[in-house]
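We're numbering straight along the sequence, starting at 1.
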Amino acid sequence: MQLQSIGAAETVTGSGHYLQLDGLHLLIDCGLFQGNDELEARNREPFPFEAANLDAVLLTHAHLDHVGRLPLLYKRGFRGPVYCTPPTAALVSTVLLDSARLQQEGYSRELRWARRSGHEAEVPEPLYDEEDVHNTLTLLRPQLEFGRELTLGHLKVRTERAGHILGSAFLTLTAGGERIVFSGDLGNRESGLQQDFTLPPEADAVLIETTYGDRTHRPLAQTVQEFAQVLSQSVRLGGKILIPSFAIERTQVILYTLKQMMDSGAVPRIPVFLDSPMAARATNEYFEFGDELIPEVRAILRSGEDPFRPSTLHVVSTSQESQRLNRYDGSAIILAGNGMMTGGRIQHHLKHQLWKPSTSLVVVSYQSPSSLGGRIVEGAKEVRIMGEEIAVKAQVHTIGGFSAHADQDDLLAWVEATGKAKVWLVHGEVNVMETFLDVLDKRGRVADIVPRGEAVDPLSTHFPGGRPPGLERGPVRETRAEAGE
């Protein structure tokens, strides 16, 4: 057995794990690197294997940092099956088509700017286009079901609920008497939408995400109370309330929470604009696969009511409608993508509203320190948006308890069920993984950080202190309302 991570090794993005197991060549996830220029440059690096030689891809869930390089895999020769749960298959289509569209729009914009200085040849082309995505979607096999096994030759793949987003799963692979578990992204057991993750079986090795391996989340009830206070305070200012949000899970949680608060009178009934076509499409899947959600939400769905529609909700479809919101007079909530403010319609609203003291920016998603959102949350007085320097005079609020990721307590509860399995840490910032490594060591667990660019035997390889040679200590993470979306 050999394991090599092609992403999410020593970082929190780009998840992909290449497993060679008794003659089978498998890839668990194939995500896009997101963040600063150094991380995103990794998307153009070659895979450390021949794509055509892969027997199959197994997906844990549909977030872009877990599926965003699938079209690249197709372009480089892969034609095998991509196994996933039915909700994941439905969401992957939305996620990848949106990714291709944004890449093309970004390329066209950069090309226009570069032509003015004669440097158009230096603008990299999009990683893939919509045709590549449609070709990739033909490979999807939505045959993974919670609590059931899929047989691939001599390999058994069991799928269980991860509780992170709609369709999210962790995978248990068994062959030749050996068992290895891939966590994917695990959910927060106080999620406002998803049922809790199930516990894994005892295993020989386990690969676990560590996004929040160094802390525990604020209780959901306190988070909702804080959110209501911030919104009420912001309404009194009379300006726009901007909420940058990721399209899958975070948007639905916020819409559900807004409806509950408005119906109970906890916050005023002001207009709510959902300015994210991708989020609107993704929300439709929550009706089809509502059996995954917590009992309270399932009961609302069964009654025929829409749990994600505050009475004042307006769905914004076109870019022209989005631009008209800048002329809207009075207080209103604008929920727009993307969550880290690195692109999407939220940038348009920030450009027009961030310089106004009456504006409130309510941050409910993880902000990479190098991102636009990270710089704003860290206190930047001026930021560059769409080629223009914009003063930051808005009221900035960070709400940190809506996370869809497991915290340290959740991770420990989940990994404890694997018995004496060798533990491998991925999908986390280096300092966070080192903290979690020490916590596991105190509990008597043998654990290592997965090295970047190096194959290991997940059953027997061990590094001194659990740290790969040459691993540099990462910067302490300070800016994190949420993570890894």
Side-chain angles (χ1 to χ4, degrees), residues 15 17 19 21 24 26-29 55-63 66-67 81-92 140-209 248-249 252 285-299 301-302 404-406 410-421 423 427 458:
S15 283
H17 311 292
L19 183 68
L21 179 70
L24 282 174
L26 305 172
L27 189 62
I28 317 297
D29 289 336
D55 292 295
V57 176
L58 303 170
L59 299 182
T60 62
H61 67 287
H63 271 148
H66 288 256
V67 303
V82 179
Y83 294 105
C84 59
T85 63
T88 294
L91 291 171
V92 163
L140 291 182
R141 301 291 182 269
Q143 297 174 15
L144 300 184
E145 300 280 354
F146 296 137
R148 297 185 180 180
E149 283 187 349
L150 175 74
T151 300
L152 300 176
H154 53 276
L155 176 70
K156 302 290 186 183
V157 180
R158 186 172 179 86
T159 306
E160 297 289 356
R161 189 185 311 277
H164 175 56
I165 67 168
L166 204 66
S168 60
F170 69 85
L171 306 174
T172 301
L173 278 58
T174 305
E178 295 172 337
R179 180 181 289 163
I180 181 169
V181 183
F182 291 83
S183 74
D185 285 354
L186 297 171
N188 179 356
R189 288 182 293 178
E190 280 207 82
S191 167
L193 281 185
Q194 296 290 320
Q195 293 184 50
D196 292 350
F197 54 68
T198 55
L199 293 176
E202 292 188 359
D204 298 290
V206 57
L207 203 77
I208 184 172
E209 65 115 327
I248 300 175
E249 196 277 335
Q252 291 76 32
E285 306 302 338
Y286 281 74
F287 293 92
E288 182 174 353
F289 302 104
D291 58 330
E292 283 193 31
L293 307 179
I294 59 176
E296 297 90 329
V297 180
R298 295 204 306 271
L301 287 170
R302 283 196 297 268
H405 275 274
D410 296 325
L411 295 171
L412 289 172
W414 188 86
V415 79
E416 187 176 83
T418 62
K420 297 181 179 180
V423 183
H427 203 287

Any salt bridge between D196 and R189, counting N to O under 4.0 Å?
-> no
How would you list all residue pairs meeting salt bridge (charged side-chain N to carboxylate O under 4.0 Å, His left out) that involve residues 158-174, not counting sequence neighbours?
-> R158-E160
Answer yes or no: is there a side-chain heavy-atom contact under 4.5 Å between [X] and [Y]?
{"X": "P87", "Y": "E292", "answer": "yes"}
{"X": "E202", "Y": "T418", "answer": "no"}
{"X": "F182", "Y": "V157", "answer": "no"}
{"X": "E249", "Y": "Y286", "answer": "yes"}
{"X": "L412", "Y": "D410", "answer": "no"}
{"X": "T60", "Y": "H66", "answer": "yes"}
{"X": "L26", "Y": "L155", "answer": "yes"}

Rounded at 0.5 Å granularity, tell me how far [atom1] in [X] sits from [atom2] in [Y].
{"X": "L301", "Y": "E288", "atom1": "CG", "atom2": "CD", "value": "12.5 Å"}
{"X": "R141", "Y": "L150", "atom1": "CZ", "atom2": "CG", "value": "12.0 Å"}
{"X": "L193", "Y": "L293", "atom1": "CG", "atom2": "CG", "value": "6.0 Å"}
{"X": "S15", "Y": "H61", "atom1": "OG", "atom2": "NE2", "value": "7.0 Å"}
{"X": "L152", "Y": "K156", "atom1": "CG", "atom2": "NZ", "value": "9.5 Å"}
{"X": "T85", "Y": "L59", "atom1": "OG1", "atom2": "CG", "value": "8.5 Å"}

More than 12 heavy atoms of other groups within 6.0 Å of E416 CD = no
Locate the shortest heavy-atom distance separating [X] from [Y]; write the atom from each residue and the value.
{"X": "A62", "Y": "V67", "value": "O-CG2, 3.6 Å"}
{"X": "G192", "Y": "I294", "value": "O-CD1, 3.3 Å"}
{"X": "A90", "Y": "F289", "value": "CB-CE1, 4.2 Å"}
{"X": "A417", "Y": "P200", "value": "CB-O, 3.4 Å"}
{"X": "P201", "Y": "R179", "value": "CB-NH1, 3.6 Å"}
{"X": "S183", "Y": "A162", "value": "O-CB, 4.4 Å"}

Extract all donor-acceptor atom pairs below 3.5 Å that involve side chains of residues 165-178 and protein atoms in other chains or at least two apart in sequence.
| residue | atom | partner | partner atom | Å |
| --- | --- | --- | --- | --- |
| S168 | OG | H164 | N | 2.9 |
| S168 | OG | I165 | N | 3.1 |
| S168 | OG | I165 | O | 2.8 |

N/O donor-acceptor pair under 3.5 Å between Q195 side chain and D291 backbone = yes
Centroid-to-centroid, H427 to H17, below 6.0 Å?
-> no
Chi angles and distances behind the side-chain contact (heavy atoms from CB on, under 4.5 Å) call for V423, I208 | CA-CA 7 Å; V423 183; I208 184 172; 3.8 Å; yes
Take W414 and T198 through the side-chain contact (heavy atoms from CB on, under 4.5 Å) test and state the conclusion after the steps.
-> CA-CA 8 Å; W414 188 86; T198 55; over 6 Å; no
Under the ring pair (Phe, Tyr, Trp, His ring centres under 6.0 Å) rule, collect the residues that match up with Y83, sequence neighbours excluded.
-> none
Taking it one step at a time, do D185 and H63 satisfy side-chain hydrogen bond (donor to acceptor under 3.5 Å, both in side chains)?
-> CA-CA 10 Å; D185 285 354; H63 271 148; 4.9 Å; no
